[in-house]
Amino acid sequence: MTALKNDRYLRALLRQPIDMTPIWMMRQAGRYLPEYKATRAQAGDFMALCRNAELACEVTLQPLRRYALDAAILFSDILTIPDAMGLGLSFGAGEGPKFAKPIENQRDVANLPIPDPEQELQYVMNAVRTISQALDGSVPLIGFSGSPWTLATYMVEGGGSKAFTKIKKMLYAEPHLLHQLLDKLADSVILYLNAQIRAGAQAVMIFDTWGGVLAHRDYRDFSLQYMHKIVAGLIREYRGRRVPVTLFTKGGGLWLEAIADTGCDAVGLDWTVNLAQARERIGHKVALQGNMDPSVLYAGKVRIEQEVQQILHDFGTGSGHVFNLGHGIHQDVPQESPAYLVDAVHRLSQPYHQAGK
């Protein structure tokens, strides 16, 4: 296994001493970069890009060539598992994801297979292996999956949703059926993430994009419970190295203590959460990732640096913070803005890590 030249991201997740705060950006490999658009056009469509290991590797590396990021994240999609279950995933031009065969009843759930990561999802593992080799230890590679609840929302709704009426109808009218679906998804995610770890991912992240739409008790029962099961089933050490896991629930600020109690190594935060308060609440248990509003990148260099300084100040001294956006980077931000952001984080964070030198 290639030794890492830059391991500050992994060290920060484990709250070990570092020289400066590490940074990566959600959706850093994506459509805000012209070279990504060119590669996607070469592939033909989004899923063809995901299924081509060499092209998925290329778009994973593109942001690292532009910006001094401290981690790469696998280029893929959270909906690969439902697609491998046979639901017929497609992405129309200018549209979000659609499933040809959404989940509607008990028979649909019973017929869902649990995909073999090295069979139905082998293209993802091929991409992980290709990217890992190409990185050659320059920075860690992050693997990821959607949470069971978030995957289920797309599978039951048949695509994206604003009101989530179909899945909430199932939640309240047929909770036993939804639990069966979520349990099957949790088992699938465990296999999927463990396969990514074996293929070369040095950390993993679970994106619970839609956990925040749930009522208070329902979040714990229908989302957090299944992420807890996944954390318990993950490979936590591989080839002599700890494999950190991060949980991110968008809109999850109400439940930080419960999320930290799952046994994860880090909790992702969106921009609605104050970082100082989050550190006071759970910083003794886990690292924190976040949490700049992605829209700050529309501003100029001075405003970006002001926001970085405030977030660093809110966290304070010492390790345990991975700087990130509170959600994915917007596709129309100026291309120089991430450069300002990365430079500011590295430069301005060094005084907060004097003990780590």
Side-chain angles (χ1 to χ4, degrees), residues 13-15 78-82 85 109 112 114-115 117 142-156 164 167-168 170-172 175-198 201 203-238 242-270 273 278-279 281-290 320 322:
L13 290 179
L14 299 176
R15 295 179 290 156
I78 64 170
L79 298 179
T80 51
I81 287 177
M85 289 176 159
V109 174
L112 282 176
I114 294 178
I142 305 167
F144 72 91
S145 173
S147 72
W149 163 257
T150 292
L151 298 181
T153 64
Y154 289 97
M155 295 166 71
V156 174
F164 300 93
I167 194 162
K168 287 200 171 186
M170 182 182 288
L171 186 155
Y172 291 116
H176 60 284
L177 180 58
L178 183 52
H179 280 302
Q180 290 175 24
L181 173 58
L182 294 168
D183 199 52
K184 187 169 283 191
L185 284 168
D187 289 339
S188 300
V189 170
I190 291 169
L191 292 174
Y192 184 55
L193 289 179
N194 282 342
Q196 290 184 38
I197 292 166
R198 294 188 186 98
V204 294
M205 183 166 172
I206 299 170
F207 287 92
D208 186 30
T209 309
W210 300 121
V213 307
L214 286 163
H216 186 67
R217 287 188 303 275
D218 294 332
Y219 172 75
R220 292 172 180 263
D221 291 344
F222 291 91
S223 181
L224 190 62
Q225 175 187 176
Y226 294 98
M227 290 194 290
H228 197 159
K229 176 180 178 178
I230 292 166
V231 171
L234 289 178
I235 296 169
R236 305 304 292 276
E237 186 170 324
Y238 190 66
R242 176 80 172 178
V243 182
V245 55
T246 302
L247 301 186
F248 172 62
T249 293
K250 187 170 181 285
L254 291 171
W255 305 297
L256 295 185
E257 290 83 0
I259 298 171
D261 283 342
T262 60
C264 64
D265 297 286
V267 174
L269 308 171
D270 65 25
V273 180
R279 189 177 190 185
R281 289 167 63 184
I282 61 172
H284 60 291
K285 288 186 176 181
V286 294
L288 302 175
Q289 178 180 278
V322 172

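On a predicted model such as this, the values are computed, not experimentally measured, just so you know.
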* What's the shortest heavy-atom distance between T246 and G268, and which atoms? -> CG2-N, 3.9 Å
* Asked: Side chains of V273 and L288: does their closest heavy-atom pair fall under 4.5 Å?
  -> no
* **Passing candidate, side-chain contact (heavy atoms from CB on, under 4.5 Å) with L247, options V231, I230, V267** => V231
* To do: Might you point out which heavy atoms bring P148 and Y226 nearest each other, and give the distance in Å?
  => CG-CB, 3.9 Å
* **Reported CH2-to-CG distance for the pair W149 and L185, which is rounded to 0.5 angstrom** => 11.5 Å
* Give a yes or no on whether the backbone of R281 and the side-chain of E257 come within a donor-acceptor separation of less than 3.5 Å. => no
* Structure fact -> To the nearest 0.5 Å, atom CG of D261 lies from atom CD1 of I282 at 9.0 Å
* **Test log, rule side-chain contact (heavy atoms from CB on, under 4.5 Å), inputs M85 and S188** => CA-CA 10 Å; M85 289 176 159; S188 300; 3.4 Å; yes
* Reported NZ-to-OG1 distance for the pair K285 and T262, which is rounded to 0.5 angstrom -> 9.5 Å
* Structure fact -> Between A215 and W255, the two heavy atoms sitting closest are O-CZ2, 4.3 Å
* Spatial distance of atom CD1 (I81) from atom OG (S145) [nearest 0.5 Å] -> 4.0 Å
* Derivation of the side-chain contact (heavy atoms from CB on, under 4.5 Å) call for D208 and T150 -> CA-CA 6 Å; D208 186 30; T150 292; 3.1 Å; yes
* Structure fact -> CD of Q196 to CZ of F144, rounded to nearest 0.5 Å, is 7.5 Å
* Heavy-atom side-chain contact between V204 and I142 under 4.5 Å -> no
* In Å, rounded to the nearest 0.5 Å, how long is the span from OH of Y154 to OG1 of T209? -> 6.0 Å
* Asked: Can a salt bridge be assigned to the pair D265 and R236 using a cut-off of 4.0 Å between side-chain N and carboxylate O?
  -> yes
* Minimum heavy-atom separation for L13 to A266, with atom names? -> CD2-CB, 3.6 Å
* Any side-chain heavy atom of F248 sitting closer than 4.5 Å to one from Q289? -> no
* Mind running side-chain contact (heavy atoms from CB on, under 4.5 Å) on D221 and L171 for me, showing each step along the way? => CA-CA 10 Å; D221 291 344; L171 186 155; over 6 Å; no
* To do: Could you tell me whether the side chain of N194 and the main chain of I235 form a donor-acceptor pair under 3.5 Å?
  => yes
* Search all heavy atoms of T80 against all heavy atoms of Y192 and return the closest pair with its distance. => OG1-OH, 2.9 Å
* Structure fact -> Between P82 and I78 the two heavy atoms that sit nearest each other are CD-O, 4.3 Å
* Under the side-chain contact (heavy atoms from CB on, under 4.5 Å) rule, what do K229 and D187 come out as? Steps first, then yes or no, please. => CA-CA 8 Å; K229 176 180 178 178; D187 289 339; 2.8 Å; yes
* Got a sec, which residues hit ring pair (Phe, Tyr, Trp, His ring centres under 6.0 Å) with F164, two or more places apart in sequence or on another chain? -> W210
* Asked: Would a distance-only check, ignoring hydrogens and angles, find a side-chain to backbone donor-acceptor pair under 3.5 Å from K184 to L112?
  -> yes
* To do: Name the orientation class of the two ring planes belonging to F222 and H179 (parallel below 30°, tilted from 30 to 60°, perpendicular beyond 60°).
  => parallel
